[in-house]
Amino acid sequence: MKTPIPDYLETLLDSVREDTSGEVADYIPELAAADPDPLGMALCTMSGRIYGAGDDRRMFSIQSVSKPFVYALALQQRGWDKVQETVSAEPSGEAFHELSLESGTNRPMNPMINAGAIAVNQLINGEDSSVDDRVEVIREFFCELAGRELQINRQLCYSELEDAERNLSIAHMLRNYKVIQDEAHDAVLSYTLQCATEINARDLAVMSATLAGGGIQPVTGKRILNPDVCRMALAVMASAGMYDAAGRWMTTVGIPAKSGVSGGLIGSLPGQLGIATFSPRLDAQGNSVRGVGIFQKLSADMGLHLMAADPYGDSALRNIHTEGDATVIRLQGKVNFSAAENILNEMETEDFGGRRIVLDIERVSSFNKVGRRMIKEALRRYREQGHDVAIYDPENILTDLVYSDGTEAETLDSLKEHSLEEKD
Ligand code: GLN
């Protein structure tokens, strides 16, 4: 059985493919000339499994998607008090390049807008660091997060610097209020190099899964950030990651997120998933049009809204046990997207031979919509491959036994008659 998740991701991409509304960013010459059509996405689970679709390996510059990561690095290197002195953590509800500071303190409102990100960049590697050293520390940090070597596209950075009056004004303003010490030009150069790091959607999915998982890179297993630092970065993403669309985003999608002007968009669902999309055309707020569409659909279909408070269920697979001519798969607890993903992955690695497959869900307390759909789809696929498949569901937890092709799942009245009773 091939897990249905990659097929689902293709369907998601198809659902937004025809939408060519929005414009690519035109204030950076290299981005203005970029192909507007690529469309890709990737998911990374807490176990480090990556699912990708479309142009998920296509490289692009990270731009503002770098901001939460560098914020987390600043928190890790300098601590909360120092970072708070430099940048506030309040949503600004303003555009990403707004020339504004918090009244009273003269700090940038948050690290997700350019003013905050330029200030945060200056905290890395200490105030006395050269631009080159600082940028190299950030690049190496991104490599650790992605689990592979990444490069900075200097040509893209210089193209952005040709007309960077706005970011330069922000840097002058920050310097005026002694929020930063570097010359405005150096501060903008350092920040713009950070933004010019090249990544793809798969890298971003793994990087955001690292934030979602409390700082352990799920593929390499290495601890890169402390859990409290990740929690703070996610909190600021939730309130300010989508700029002046942050409130709407939180109500409709409900996943801490960050967008970038080259068309990247990440979502970090605490304890569950890292998600990334790539599509360059942007809406009026500077967020990827098709990326936003994918996230809206994904969140609704998969029940991923943070405020839906669906308890995590990553240990919903109790055991897989062979008995006579049948393999019994026993589930337990709550089956949501993460739980079902885990179960499907375990089933995929199992060799059922010619045996009957029995799914015992007596101990499942509940399925959410997507959990039910994914488990049924897996059974349908096994049946299509010629397996004899049955469900043991004495409490009628599954509620509806109809597969996606309209046929019904076979049920067992008792495990006894098949001598399939649990042995432990
Ligand atoms: N480098 C870009 C800028 O500062 C990043 C902005 C963004 O991605 N929203 O303008």
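These figures come from a predicted structure and were not determined experimentally. Whatever order the structure lists them in is the order used to number ligands and atoms, beginning at 1. The first residue in the sequence is number 1, and the count goes up from there.
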Worksheet entry | Any donor-acceptor N/O pair, R330 side chain to N319 backbone, under 3.5 Å | no
Fill in: Euclidean distance, S100 OG relative to M173 CE, rounded to 0.5 Å
6.5 Å
Worksheet item: For ligand 1, is any non-hydrogen atom under 4.0 Å from H97's backbone (N, CA, C, O), its side chain (CB onward), both, or neither?
Response: neither
Worksheet item: Between OH of Y191 and CG of D182, what distance do you get to the nearest 0.5 Å?
Response: 15.5 Å
Practice prompt. Check ligand 1 against E160 and write out every atom of the ligand that is under 4.0 Å from a heavy-atom position of the residue.
Written response: 1 (N), 2 (C), 3 (C), 4 (O), 10 (O)
Worksheet entry | Salt-bridge present (E348, R381; N to O < 4.0 Å) | no
Practice prompt. Using modelled atom types only, decide if a donor and an acceptor are shared between the side chain of R107 and the backbone of Q84 within a distance under 3.5 Å.
Written response: yes
Discussion item. Side chain or backbone, does S259 bring an N or O within less than 3.5 Å of an N or O on ligand 1?
Written reply: no
Discussion item. If the cut-off is 4.0 Å to any non-hydrogen atom of V261, which atoms of ligand 1 fall inside it?
Written reply: 7 (C), 8 (O), 9 (N)
Item to complete: State if T192 counts as touching ligand 1 under the rule of any non-hydrogen atom under 4.0 Å.
Response: no
Practice prompt. Could you tell me whether Q63 and ligand 1 have an N or O pair separated by under 3.5 Å?
Written response: yes
Discussion item. Donor-acceptor check, side chain of S169 to backbone of E165, threshold 3.5 angstrom: yes or no?
Written reply: yes
Worksheet item: Got S404 and K376 here, is their nearest side-chain heavy-atom distance under 4.5 Å?
Response: no
Practice prompt. Please answer whether the main-chain N or O of P280 pairs with a side-chain N or O of S288 as donor and acceptor at a distance below 3.5 Å.
Written response: no
Worksheet item: Does any N/O atom on K67 come nearer than 3.5 Å to any N/O atom on ligand 1?
Response: no
Fill in: Identity of the nearest option to atom 10 (O) of ligand 1, non-hydrogen atoms only, from Y27, Y191, F96
Y27
Worksheet item: Does any N/O atom on G260 come nearer than 3.5 Å to any N/O atom on ligand 1?
Response: no
Worksheet entry | Atoms in ligand 1 with a heavy atom of C195 nearer than 4.0 Å | 1 (N)
Discussion item. Quick test of your reading of the structure: of G286, S64, A196, whose heavy atom lies closest to atom 5 (C) of ligand 1?
Written reply: S64
Worksheet, complete the sentence: At under 4.0 Å between heavy atoms, what of N114 touches ligand 1? The answer is side chain
